[in-house]
Number of protein chains: 2
Amino acid sequence: MSIKVMLVDDQQLMRDGIKMLLDLETDIELIAEAGDGHEAVRLYQECAPDVVLMDIEMPGMNGIDATRQIKTLDAGAKVMVLTTFGQQEYLSNALLAGAQGFLLKAVSAEELSQSIRKISQGKAVLDSQSTEMLMESYRALSENNETNVKPFLTVREEQILKLLAKNTSNRDIADKLALAKGTVKNYVTQILEKLQAPDRYQAVRVAKEQKLID
Amino acid sequence: MSIKVMLVDDQQLMRDGIKMLLDLETDIELIAEAGDGHEAVRLYQECAPDVVLMDIEMPGMNGIDATRQIKTLDAGAKVMVLTTFGQQEYLSNALLAGAQGFLLKAVSAEELSQSIRKISQGKAVLDSQSTEMLMESYRALSENNETNVKPFLTVREEQILKLLAKNTSNRDIADKLALAKGTVKNYVTQILEKLQAPDRYQAVRVAKEQKLID
DNA sequence: ATATTCGCAAGTCATATGACCCGCGGCACT
DNA sequence: AGTGCCGCGGGTCATATGACTTGCGAATAT
């Protein structure tokens with residue numbers, strides 16, 4: 001049983017070239033072609049290909065939006081984005097749209113067919129350059145991620161956290177510290193955010209775990 | 001010129017196995033072996049290998065810390081982490097420690113030697129399963145990342161941004177809007193954060209690009 | 001002419017406030 | 001009993017303030 005592939009690209013020449021390459025592979029069958037996003041979505045429903053090769057820059061609907069729509073229609077769809085330019089933004093958008101694969105058109109024919117086989121088995125596919133970019137982005141994001149950088153509370157926040165641990169109401173905390181009730185609520189919200197807790201009770205639990213109090 | 005590889009793993013058997021595999025490759029030369037992190041760091045400086053194959057779970061210093069140290073000594077070091085278990089945490093830590101490669105020991109001999117060649121050329125290497133995990137993590141992080149969800153300004157912020165665009169000083173903005181100077185500064189800071197700009201001038205530039213003003 | 005100091009603009013951070021929303025329990029009206 | 005309204009606690013958000021830091025240029029001292 002050969003792998004059924006749909007090819008989406010606005011350039012006829014590119015489509016023809018890829019068609020030629022895939023013709024050489026006995027286990028890969030090109031069953032549909034589309035020239036823009038709308039056509040791609042329509043044809044996907046009609047042909048149910050195993051793998052979609054998706055260009056990004058296209059007139060009408062672009063490849064990212066098309067990918068999103070196809071993934072909405074069929075969460076199991078396997079979409080490999082295939083693009084000339086490896087901007088970080090393209091990669092990011094492709095992944096967020098749900099693509100499992102992302103290749104630059106600079107890849108060799110051999111690499112393309114191997115990648116099609118991989119993605120058809122449900123594996124994720126990324127070329128080296130994009131892997132590098134993704135790693136970089138991941139590092140940058142991790143470092144910025146507030147869950148990593150905000151575990152510590154200010155003096156006021158700690159005061160209030162201690163009262164929370166004694167099950168004190170906002171009203172009572174406000175009286176004790178001579179603050180407006182709204183102010184206390186605000187601090188509680190801050191604490192919840194910093195401790196990644198959904199409410200005051202969980203916050204106290206987390207704080208105890210992390211030895212911030214008691 | 002063959003690729004000089006250092007192998008770090010606490011299990012003798014694993015080292016011997018990999019040695020055998022690499023012996024079959026004429027362009028890959030195993031020049032050093034270490035059984036824990038400390039030895040790895042020491043030997044790295046002595047032997048200056050092109051590529052380090054690094055296990056994670058080891059007695060004494062683990063592979064993650066060793067990777068971090070090696071990358072501190074030599075930012076251009078090429079470290080490929082090679083591990084039995086593909087936990088998300090291992091992958092994340094390896095990347096944050098600076099590894100360019102991450103492979104599960106489930107890979108084939110063929111894949112290992114190909115990966116060594118790739119990483120020696122400065123390319124990033126990830127096996128399919130880890131690629132999948134990294135994509136997932138990236139998606140999760142991106143969604144939580146406040147830089148993506150906060151492009152919009154409040155009424156006050158917009159007011160102030162417009163004045164910034166006219167090159168107004170904090171003092172003058174404060175007078176015009178009947179606010180304390182500190183308040184204005186605070187709004188400016190918020191705007192900078194939301195627009196991802198380092199200062200007021202860049203903020204205005206970004207705002208114009210994104211059609212938020214003018 | 002150079003070094004020092006002073007002041008100011010910009011920016012960061014903790015603090016503070018109230019408007020608003022949501023869910024829930026009690027209470028009145030039917 | 002059912003329905004609807006009220007009050008209240010909890011939580012989020014925009015707003016507001018001033019203490020503190022830093023970089024820079026102008027004034028002053030050497």
Side-chain angles (χ1 to χ4, degrees), chain A residues 140 143-210 212-213, chain B residues 143-208 210 212-213:
Chain A
E143 277 159 25
N144 285 354
N145 188 6
E146 84 272 2
T147 61
N148 292 345
V149 297
K150 272 203 203 168
F152 294 116
L153 303 176
T154 68
V155 178
R156 245 337 187 208
E157 284 161 358
E158 246 179 90
Q159 264 179 25
I160 286 173
L161 176 57
K162 277 175 192 152
L163 293 172
L164 284 184
K166 291 187 202 158
N167 216 353
T168 321
S169 74
N170 289 337
R171 178 71 273 158
D172 291 349
I173 296 176
D175 288 345
K176 239 174 247 207
L177 302 180
L179 291 175
K181 195 164 50 132
T183 310
V184 175
K185 290 184 191 180
N186 194 14
Y187 282 121
V188 173
T189 301
Q190 302 272 83
I191 292 169
L192 299 189
E193 172 131 347
K194 288 190 184 181
L195 297 186
Q196 294 277 292
D199 60 50
R200 55 219 285 126
Y201 310 106
Q202 303 298 311
V204 170
R205 203 180 44 70
V206 172
K208 284 186 179 169
E209 268 173 21
Q210 296 187 13
L212 296 179
I213 53 173
Chain B
E143 277 158 23
N144 286 352
N145 187 8
E146 82 272 3
T147 60
N148 291 346
V149 295
K150 271 200 205 171
F152 293 115
L153 304 175
T154 67
V155 178
R156 241 344 184 206
E157 284 160 356
E158 245 177 89
Q159 262 179 27
I160 287 174
L161 176 59
K162 278 174 192 153
L163 292 172
L164 285 183
K166 290 186 204 158
N167 216 353
T168 321
S169 74
N170 289 338
R171 177 72 273 159
D172 291 348
I173 295 177
D175 289 345
K176 241 175 247 210
L177 302 181
L179 292 175
K181 194 163 52 133
T183 310
V184 175
K185 290 184 192 177
N186 194 15
Y187 282 120
V188 173
T189 302
Q190 302 273 81
I191 292 169
L192 299 187
E193 172 133 346
K194 288 190 184 181
L195 297 186
Q196 295 276 293
D199 60 51
R200 54 217 288 124
Y201 309 107
Q202 301 300 310
V204 170
R205 202 179 46 69
V206 171
K208 284 186 178 169
Q210 296 187 14
L212 295 179
I213 53 173

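We name chains A, B, ... by the order of the sequence lines, and we start the count at 1 in each one.
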Output the rounded distance in Å from [atom1] ([X]) to [atom2] ([N]).
{"X": "A:Gln190", "N": "C:dT15", "atom1": "CD", "atom2": "C1'", "value": "10 Å"}
{"X": "B:Tyr187", "N": "C:dT12", "atom1": "OH", "atom2": "C1'", "value": "16 Å"}
{"X": "B:Asp199", "N": "D:dT22", "atom1": "CG", "atom2": "C1'", "value": "14 Å"}
{"X": "B:Phe152", "N": "D:dC13", "atom1": "CZ", "atom2": "P", "value": "16 Å"}
{"X": "B:Asn170", "N": "D:dA16", "atom1": "CG", "atom2": "P", "value": "15 Å"}
{"X": "A:Leu164", "N": "D:dG9", "atom1": "CG", "atom2": "C1'", "value": "13 Å"}
{"X": "A:Glu157", "N": "C:dA16", "atom1": "CD", "atom2": "P", "value": "11 Å"}
{"X": "A:Leu153", "N": "C:dC13", "atom1": "CG", "atom2": "P", "value": "16 Å"}

What N/O pairs connect the protein and nucleotides 23-26 of chain C at under 3.5 Å? Give each pair on its own line.
none

TODO: May I ask you to verify if any side-chain N or O of B:Thr154 is less than 4.0 angstrom from the OP1 or OP2 atom of D:dC13?
DONE: no
TODO: Any pair with a residue in residues 173-186 of chain A that passes side-chain hydrogen bond (donor to acceptor under 3.5 Å, both in side chains), sequence neighbours left out, goes on the list, sorted by first then second residue, please.
DONE: A:Arg171-A:Asp175
Are any of the side-chain heavy atoms of [X] and [Y] separated by less than 4.5 Å?
{"X": "A:Thr168", "Y": "A:Ile160", "answer": "no"}
{"X": "A:Glu157", "Y": "A:Leu161", "answer": "no"}
{"X": "A:Ile173", "Y": "A:Tyr187", "answer": "no"}
{"X": "A:Thr154", "Y": "A:Gln190", "answer": "no"}
{"X": "A:Val184", "Y": "A:Leu163", "answer": "no"}
{"X": "B:Asn170", "Y": "B:Arg200", "answer": "yes"}

Task: Rounded distance (nearest 0.5 Å) linking atom CD of B:Gln159 with atom CG of B:Leu153 - done: 12.0 Å
TODO: Rounded to the nearest 0.5 Å, what's the gap from CG on A:Asp172 to NZ on A:Lys166? Could you check?
DONE: 12.0 Å
Open item on the list: By the 4.0 Å heavy-atom rule, please label A:Thr189 as base, sugar-phosphate, or nothing.
Closed with: base
TODO: Classify the nucleic acid contact of A:Arg171 as base, sugar-phosphate or nothing, counting any heavy atom under 4.0 Å across all strands shown.
DONE: nothing
Task: Proximity to the side chain of A:Arg200 - top-ranked nucleotide from D:dG10, C:dT15, C:dG11 - done: D:dG10
- [ ] With the side chain of B:Leu192 defined as its heavy atoms from C-beta on, choose the nearest nucleotide among C:dT12, D:dT15, C:dT15.
- [x] C:dT12
TODO: Enumerate the residues from residues 172-186 of chain A whose closest heavy atom to DNA chain D is under 4.0 Å, giving them by residue number; use none for an empty result.
DONE: A:Lys185, A:Asn186
